Amino acid sequence: QVQLVESGGGLVQPGGSLTLSCAASGTISSIKAMGWYRQAPGEEREMVAVIGSGDTTQYADSVKGRFTISSDNTKTMLYLAMNSLKPEDTAVYYCAAAPRWTLLRSEYKYWGQGTQVTVSS
């Protein structure tokens, strides 16, 4: 089993920056991909960014050029650096882990509890 805990959410102004963190523990060797998903009120959960075991990355078109996903050398920490934030970025952000490279929410087996990001003036 893998446990994931997000942190770093909060209230920021449009155009501001925020970095989210996710701590992973458990059977880390079983993880082949990790990602950030987000869900706004009344909307479906959507992929934000994914990073593979070989450091391959993929981003949603809406955040490309503004967000950066990364992990540390031990693969126990996942980060999402968010710049030039917009009100439409407001959502609960979740970190997730999958046993294979995938962009599909349904294939991610492990999830954190989420951290709220609110972009508002």
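Everything numeric here is computed off the predicted structure, so don't read it as measured data.
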Distance-only check: which donor-acceptor pairs under 3.5 Å involve side-chain atoms of residues 29-36, not counting sequence neighbours?
{"from": "Ser30", "atom 1": "OG", "to": "Thr27", "atom 2": "O", "distance (Å)": "2.7"}
{"from": "Trp36", "atom 1": "NE1", "to": "Tyr79", "atom 2": "O", "distance (Å)": "3.3"}

**Prompt:** Which pairs, with at least one residue in residues 82-92 and sequence neighbours excluded, count as a salt bridge (Lys or Arg N to Asp or Glu O under 4.0 Å)?
**Reply:** Arg38-Asp89, Arg66-Asp89
**Prompt:** How are the rings of Tyr93 and Phe67 set to each other: parallel, tilted or perpendicular (split at 30° and 60°)?
**Reply:** tilted
**Prompt:** Closest heavy-atom contact between Glu107 and Thr102?
**Reply:** OE1-OG1, 2.8 Å
**Residues which pass salt bridge (Lys or Arg N to Asp or Glu O under 4.0 Å) with Arg45, listed by chain and number, not counting sequence neighbours** = none
**For Asp55, all residues meeting salt bridge (Lys or Arg N to Asp or Glu O under 4.0 Å), sequence neighbours excluded** = Lys75
**Request:** With sequence neighbours left out, write down each residue that passes side chain to side chain contact (heavy atoms under 4.5 Å, CB included) with Lys109, or none if nothing qualifies.
**Result:** Pro99
**Asked** Under 4.5 Å between any side-chain heavy atoms of Tyr94 and Thr115, yes or no?
**Response** no
**Prompt:** Which salt bridge (Lys or Arg N to Asp or Glu O under 4.0 Å) pairs, counting each pair once, include a residue from residues 112-121, with sequence neighbours left out?
**Reply:** none
**Flag, side chain of Glu6 to backbone of Gln113, donor-acceptor distance under 3.5 Å** = yes
**Nearest heavy-atom neighbours spanning Leu78 and Cys95** = CD2-CB, 4.1 Å
**Item:** Single-linkage hydrophobic cluster Tyr108~Ile69, side-chain heavy atoms < 4.5 angstrom
**Value:** no
**Complete:** Heavy-atom nearest pair, Ala49 first then Leu80, reads CB-CD1, 4.3 Å
Return all side-chain donor-acceptor pairs below 3.5 angstrom for residues 14-25, not counting sequence neighbours, or 'none' if the list is empty.
{"from": "Ser17", "atom 1": "OG", "to": "Asn83", "atom 2": "OD1", "distance (Å)": "2.9"}
{"from": "Ser25", "atom 1": "OG", "to": "Gln3", "atom 2": "OE1", "distance (Å)": "3.4"}

**side chain to side chain donor-acceptor pair (under 3.5 Å) partners of Arg100, counting only residues at least two apart** = none
**Request:** Return each pair, listed once, that meets disulfide (SG to SG under 2.5 Å) where at least one residue sits in residues 42-85; pairs must be two or more places apart or across chains.
**Result:** none
**Item:** side chain to side chain contact (heavy atoms under 4.5 Å, CB included) partners for Asp61, two or more places apart
**Value:** Lys64
**Message:** My understanding is that only residues two or more places apart in sequence, or in another chain, count here; which of them pass side chain to side chain donor-acceptor pair (under 3.5 Å) with Tyr37?
**Reply:** none
**Message:** Would you compute the distance between atom CG of Asp72 and atom CE of Met77 and round it to the nearest 0.5 angstrom?
**Reply:** 7.0 Å
**Message:** If I take atom CD from residue Gln116 and atom CG from residue Leu11, how far apart are they, to the nearest 0.5 angstrom?
**Reply:** 9.5 Å
**Prompt:** Residues in side chain to side chain contact (heavy atoms under 4.5 Å, CB included) with Leu103, at least two apart?
**Reply:** Met47, Val50, Gln58, Trp101
